[in-house]
Amino acid sequence: MAKPPLSMKPTGWFQVAWSDEIGIGAVHTMKYFDQEMVAWRADSGQLTVMNAYCEHLGAHLGYGGKVVGEVLQCPFHGWQWSHEGRNVCIPYQDRPNRGRRVRTYPVVERNESVYIWHDIEGRAPFFEAPDVFAGFGDGSSPADYYPQQRLFRQDLELHPQYVLENGVDFAHFKYVHSTPIVPIFTRHDFGEPTSYVDFTITFEGDDQQSIEDVKSGVEAINGGLGVAVTKSWGMVDNRTISAVTPVDERTSDVRFMVYIGRVPGRDDARAEAKARMFGDEVIRQFTQDVHIWAHQRYSDPPALATAEYEGFTAIRNWAKQFYPDATDSARSQEGATR
């Protein structure tokens, strides 16, 4: 497959693990953005994500490296590295090497997930990773929902932007999911790095007429290109998190999480089993989308229907801010015309 036209190194928050994969003292290996990385948790519980290679002689810290209190120790010669990526101990020398540093990433843990901030320009985070509960400002918490259900698909040939564009694609429900849903968009807010898309749900009858049901709807928050959270209300109260993280110049890992709401007065084993069935169905429908994305070719410019133009144009213009290389190219072209 040819290299995609969109950069696979966008700026933003991206999920690299689930929190429960990295216990106290654990060292977790991974590869994202063409970089071998490790995540490790100190005895205090502090989580660090850093590039994987020791600055001494290049040993991989994820293969035999171990947590010693609040530092990560290299398996080769015992050099110790802090959560800031600084060498704090060389066991056979009085002083550490203060001139070398392993690159670390800003990291947050939210909704049982581990997110890192990626920016090839090295800028500090300028927006927050969205929270599937606090983000909607309705006072909800994990206690109001059954345990998280998950999907994890690795090394798929897709780009995070494909997934975000699905949020404005009203026409695919009937053809991908075989459901007669007709979204009526009530909000397209792409003014900031965190964007918002809301819609109410109507259903298409056998006569192709719209059957109004404004008691159901979806609210979505997009935290850049890497993380999107949704709140669905009406038919089944649920919340979802989709997270797509580039691995290299062609592939991404996809994570999808679902929370099904508890129903007051029906919190028993039977209700939980029914909730899990609903969660499985939400995940099944998401896998139908993944199958499309994994074989999709980015079309630029796309051949849009009239009704699609506003949503797709808005989200693609919004997405441009997360590609520093594209911004630099635009600046160069602008300068050349002056």
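Nothing fancy with the numbering, it's 1 onward along the sequence. None of these values were measured; they are calculated from a predicted model.
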Does a side-chain N-to-carboxylate-O contact under 4.0 Å join D138 and R239? yes

Do V176 and I283 land in one hydrophobic cluster if side-chain heavy atoms of ILVMFWY residues count as linked below 4.5 Å? no

Quick one: do V27 and V68 end up in the same hydrophobic cluster if we chain Ile, Leu, Val, Met, Phe, Trp and Tyr together by side-chain heavy atoms under 4.5 Å apart? no

Indicate whether the side chain of [X] and that of [Y] have a donor and an acceptor atom separated by less than 3.5 Å.
X    : Y    : answer
N238 : Y145 : no
Y259 : E112 : yes
S113 : R255 : no
S44  : E70  : yes
S195 : N222 : yes

Taking the inter-plane angle between the rings of H56 and W79 on a 0 to 90° scale, is it parallel (under 30°), tilted (30 to 60°) or perpendicular (over 60°)? parallel

Any chance the rings of W293 and F286 have centres within less than 6.0 Å? yes

Quick check: F14 with F33 (ring centres under 6.0 Å apart)? yes

Where do F190 and W318 land on the ring pair (Phe, Tyr, Trp, His ring centres under 6.0 Å) test, with the steps shown first? CA-CA 6 Å; F190 294 102; W318 169 80; 5.7 Å; yes

